[in-house]
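Handing you a structure now.
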2 protein chains.
Amino acid sequence: MEKDDFDLQNFLPYLLNQAAEESSLAFQKIYKDRYGILRTEWRVLFHLGIYGRMTASEIGDRSKMHKTKISRAVQKLTERRFLTRARDDGDRRVEHLELTTAGEAAYRDLRGIAEVYNGRLDDGFSDEEMRVLRVALRKLAGMG
Amino acid sequence: MEKDDFDLQNFLPYLLNQAAEESSLAFQKIYKDRYGILRTEWRVLFHLGIYGRMTASEIGDRSKMHKTKISRAVQKLTERRFLTRARDDGDRRVEHLELTTAGEAAYRDLRGIAEVYNGRLDDGFSDEEMRVLRVALRKLAGMG
DNA sequence: AGTTAACAGTTGATTATGTAACTAACAATA
DNA sequence: TATTGTTAGTTACATAATCAACTGTTAACT
């Protein structure tokens, strides 16, 4: 049937992208419907929820998101009163970001959902398969 | 160091996305620099290169890309003379897409690069690890 | 001190994407 | 042959991502 036997499904960048999109679809719907936030905003929220007080640059280093994305996500989350910004005393270029009570609540809510969601994705794989998968993905993501 | 022990690196949608982005970065640079095309266009090009003559809908079914994306990618590729469109005689809604000689050449060039590139990504994993990885990704991508 | 470079973060212009509404063609049924 | 529904593909509008240029601040070097 095929004209050329190159297999897109074995081309890792393509396959990874398909898996990433498919697997994030339902979760995306949840944070969108429930809080009206975007993927970028969700990520910033989670970084602050997990690591506590951080600067935009630190979030950028960890997440590899571009700084303009982060800047705009921070703006949105500030408008929604999910985080507060505080200038650093020593270095006035730097801003420390921290979740508000409302931001914390949203984070914990979504975190709970993420855990359940993640558990569902894990189903269907053995422990060993999951281990191999995680190690491989971390390596591919450059966090090996 | 952490405030909350939820691990983003174990949250599959996030981890998959990181791996997908990181792993496609260098390849993306190549098709962008060399042919000035986008990811969507690259995908359409590959579908036609692999399967030969196809319609936009068929590409959509296989790739799960949205039809508007495909429509615009086809326009761009047509402008660049990488493909030709031909109305179906029996059903005049349908358009058959086919690569031109130039499109074929671009496909073969990129296909070769993709193969080498994919091989490099595979390095560092054992055969068994790669097998598990591919099976898992296919399942997650809904192509189980 | 004065100049230059580097850095944190923002903004603006361009480009890409998603959603919904649309056109044109075909199919099914009455 | 009307009517209604469905399909292939496009377009318009609103939203989001990207890139480069920008402000304000600190660091480094002379």
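Each chain gets a letter, A, B and so on, in the order its sequence line appears, and its residues count up from 1.
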ask   = OP1, OP2 of D:dT11 versus side-chain N and O of B:Q75: anything below 4.0 Å?
value = yes
Which residue pairs pass the salt bridge (Lys or Arg N to Asp or Glu O under 4.0 Å) test when at least one of the two sits in residues 26-40 of chain B, sequence neighbours left out?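 Applying salt bridge (Lys or Arg N to Asp or Glu O under 4.0 Å) to every pair that reaches into residues 26-40 of chain B, excluding sequence neighbours, yields B:K29-B:D33, B:R34-B:D109.
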Residues in residues 88-95 of chain A with a heavy atom under 4.0 Å of DNA chain D, by number, are A:G90, A:D91, A:R92, A:R93
The side chain to side chain contact (heavy atoms under 4.5 Å, CB included) partners of A:R138 (sequence neighbours excluded) come to B:D7, B:Q9, B:N10, B:L15
* To do: Could you tell me whether A:R85 contacts a base, only the sugar-phosphate backbone, or nothing, with contacts defined as non-hydrogen atoms closer than 4.0 Å?
  => sugar-phosphate
Give me, pair by pair, the N or O atoms of the protein and of nucleotides 16-22 of chain D that are less than 3.5 Å apart, along with how far apart they are.
from	atom 1	to	atom 2	distance (Å)
D:dT18	OP2	A:K69	NZ	3.4
D:dT18	O4	A:R72	NH1	2.8

Only one of B:K69, B:R72, B:K76 clears side-chain contact (heavy atoms from CB on, under 4.5 Å) with B:E41; which?
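Of the listed residues B:K69, B:R72, B:K76, the side-chain contact (heavy atoms from CB on, under 4.5 Å) partner of B:E41 is B:K76.
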Under the rule for ring-ring contact (aromatic ring centres under 6.0 Å, His included), what residues qualify as partners of A:F27, not counting sequence neighbours?
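Counting only residues at least two positions away or on another chain, A:F27 forms a ring-ring contact (aromatic ring centres under 6.0 Å, His included) with A:Y31, A:W42, A:Y117, B:F11.
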inquiry  = Please enumerate all residues that pass side chain to side chain contact (heavy atoms under 4.5 Å, CB included) together with A:S126, with sequence neighbours excluded.
reply    =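 Partners of A:S126 by the side chain to side chain contact (heavy atoms under 4.5 Å, CB included) criterion, ordered by chain and then number, come out as A:E128, A:E129.
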Side chain to side chain contact (heavy atoms under 4.5 Å, CB included) filter on B:A19, not counting sequence neighbours, yields A:L16, A:L137, A:L140, A:A141
Numerically ordered, the residues 19-31 of chain A set in heavy-atom contact under 4.0 Å with DNA chain C is none
query = Atom NE2 of B:H96 to atom C1' of D:dG9: distance rounded to whole Å?
reply =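 The answer, rounded to whole Å, is 14 Å.
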In short, ring pair (Phe, Tyr, Trp, His ring centres under 6.0 Å) pairs touching residues 119-144 of chain B with sequence neighbours left out are none
Contact under 4.0 Å: B:S71 side-chain N or O vs D:dT10 OP1/OP2:
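Answer is yes, contact under 4.0 Å.
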Across all chains, not counting sequence neighbours, the side chain to side chain contact (heavy atoms under 4.5 Å, CB included) partners of A:A102 are A:F82, A:T100
query: Applying salt bridge (Lys or Arg N to Asp or Glu O under 4.0 Å), which residue pairs with at least one partner in residues 111-120 of chain A are found, sequence neighbours left out?
result: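 Found A:R111-A:E115, A:R111-B:D4, A:R111-B:D5.
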Exercise for review: Could you list all the salt bridge (Lys or Arg N to Asp or Glu O under 4.0 Å) pairs where at least one residue sits in residues 12-24 of chain B, not counting sequence neighbours?
Suggested key: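 Non-adjacent pairs meeting salt bridge (Lys or Arg N to Asp or Glu O under 4.0 Å): A:K64-B:E22.
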